[in-house]
Structure formats: structure tokens, C-alpha cells
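Each remark here refers to the structure printed beneath this line.
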Amino acid sequence: MKLPKSFYTRPDVVQVAQELLGKYLFTNINGILTGGMIVETEAYSGENDQACHAHLNRRTQRTEIMYHEGGVAYVYLVYGIYHLFNIITNRQDSADAVLVRAIEPQEGIEEMLLRRNMAIPKPNLTAGPGVMSVALGINKKLYGADLTGDTVWLEDRGTPIASADIATGPRIGIDYAGEDAQLPWRFWLKGNKWVSRKR
DNA sequence: TGGCTGATGCGA
DNA sequence: CGCATCAGCCAA
């Protein structure tokens, strides 16, 4: 079942980030279906989060979509190379987002291997936000895409995730965020080999 | 096995 | 100028 808009418009981005574990992320790029189960996420909490692009209500052409009502995609380029895929949550004018960092491949594995220039599936096929986007064909064309649409969307396939299966830790690559760098807002499935880092 | 570094676009 | 990254290199 495709996740409805009401899943994304809820106010607690940390809770949504945890609940996204075990959900499925799919893209249909030029008729080619790829996707898999989300195994790693990070929560970014709007204007009050020093790690968030919308910290202090920063509003630019890039961050504008973060202020949209939940249920759309925020895609941006980092290090001049990788497109990172984020899910916008909460109500309009709140700039909360969840970064999806890794999936366990499920659909279209052959196509993902082609896009990644790999011969056989290994965990680094989709472990890490940059390479995951390569595998799924995600780029800035998906900036602002409706997550209840037919190009990029999420599904609940009934995979049960107990809170005991979820590990937490500080978010990766945000040392500049002061005390917020220590917030335990990275979530991953314990023991899952498709997660980007053990700790 | 682990640390360093180059590649590279763009927001501030 | 430095970044919500990754892979390839080299030393051990």
C-alpha cells in the first residue's frame, strides 16, 4: 500500500524517521522500476536544528521546498557529485525532513547494478545516500516530486519493525552543527547488512 | 584495515 | 570556501 499524504504531514519528524524503517522506496524512471526496503534514515528538524539546511529559517531556491507541506521530495547536490534524497514532513512552513541513507535492494536489481557499474550485488550497491540515489536514478529532476505520485513513492508492505530492532546514533557528516551534532537522530535496522555504517 | 585525498557543483 | 559523499590509493 502506498503511504498516504497523512503519513508525512505528522508533526514529529523524529518519529516519522523511525517509522520509515521497513517501508519501501521505489522509483519509476522512464518505465524502469527500482527500489527496496529502507534500512537507514536521519531526521532533520527545521529551523531549530543546526544541521538542517533550513536552520534559522534559511530560505533559498534550494531550501524552498522544505517549507512545503509534507509528502514531497527534497533532492540536492552535495560535494558537486551526489544527489541526496530527502522526504519533507510536517505542515506547510515547517521545514522538517528525513534523509534516506540506505535501502535493501528488492526491485530492479539488474538496473541498479548497471547504474552503479557493478557486476554483482554487494552491500555498497545502495548503502549510503549518494550511491543509493545513483542506484535508484534519483537526480534533481525529482526535486519537489509528489511522493504519492508515480515517479517516486513509498509503500508499506507490512514488514513489522519492533522498536527493539532499531538502533540510534548521531547523524553522519554534520560536525559543524555544534551541540546538535550529538542528537541521536540517525536510525537504522540492527544487524542489517545494507546499512551504510556499523556505528 | 584504515586513513588520506581527489573529484566536483553550488550555496553562502 | 566548505559541504548531510565515495572510491581508490597507499602504508602497514
Checklist entry - When we call it a touch if two heavy atoms are under 4.0 Å apart, what does L99(A) touch: a base, just sugar-phosphate, or nothing? => result base

Next on the checklist: Any N or O donor-acceptor pair under 3.5 Å from the base of dA7(B) to the side chain of Y79(A)?
Outcome noted: no

Checklist outcome for this item: Closest to the side chain of Y82(A), out of dC10(B), dA4(C), dT5(C), is dT5(C)

Checklist outcome for this item: pair_partner(dT8(B)), Watson-Crick or wobble, both distances < 3.5 Å, evaluates to none

Checklist outcome for this item: Contact check, residues 43-69 of chain A vs DNA chain B, heavy-atom distance under 4.0 Å, returns R58(A), T60(A), R62(A)

Checklist entry - Whole Å only: how far is the CZ atom of R197(A) from the C1' atom of dC6(C)? => result 10 Å

Checklist entry - Is there a donor-acceptor contact under 3.5 Å from the side chain of D180(A) to the main chain of Q50(A)? => result yes

Item to check | Nucleotide dA7(C), atom P - distance to CG of L125(A) in whole Å | outcome: 10 Å

Checklist entry - Any donor and acceptor pair, going by atom type alone, linking the side chain of H55(A) with main-chain N or O of E47(A) inside 3.5 Å? => result yes

Checklist outcome for this item: Taking a pair to mean Watson-Crick or G-U wobble geometry with both distances below 3.5 Å, dA4(C) pairs with none

Checklist outcome for this item: In whole angstroms, the gap separating P of dG2(C) from CD1 of I81(A) amounts to 18 Å

Item to check | Main-chain N/O of M112(A) paired with R115(A) side-chain donor or acceptor, under 3.5 Å | outcome: no

Checklist outcome for this item: Atom CZ of R101(A) and atom C1' of dT5(C) are separated, to the nearest Å, by 9 Å

Checklist entry - Hey, does G130(A) reach any base, or is it just sugar-phosphate, or nothing, if we go heavy atoms under 4.0 Å? => result sugar-phosphate

Item to check | Atom pair distance, as rounded to whole Å: CD1 in I172(A) and C1' in dC6(C) | outcome: 13 Å

Checklist entry - How about T34(A) and E111(A): does a side-chain donor come under 3.5 Å of a side-chain acceptor? => result no

Checklist entry - If the C1' atom of dA7(C) is compared with that of dC10(B), how far apart are they to the nearest Å? => result 22 Å

Next on the checklist: Without decimals, in angstroms, what is the distance between Y176(A) OH and dA12(B) C1'?
Outcome noted: 13 Å

Next on the checklist: Strictly distance-based, threshold 3.5 Å: is any side-chain N or O of R116(A) a donor or acceptor partner for the main-chain N or O of N124(A)?
Outcome noted: yes

Item to check | Value in whole Å for how far the C1' atom of dA4(C) lies from NE2 of H83(A) | outcome: 15 Å

Checklist entry - Starting at CE of M118(A) and ending at P of dG8(C), how long is that distance when rounded to a whole Å? => result 11 Å

Checklist entry - Can any side-chain N or O of T63(A) pair as donor or acceptor with the backbone N or O of R58(A) at less than 3.5 Å? => result yes

Item to check | Under 3.5 Å donor-acceptor, N28(A) side chain and T151(A) backbone | outcome: no

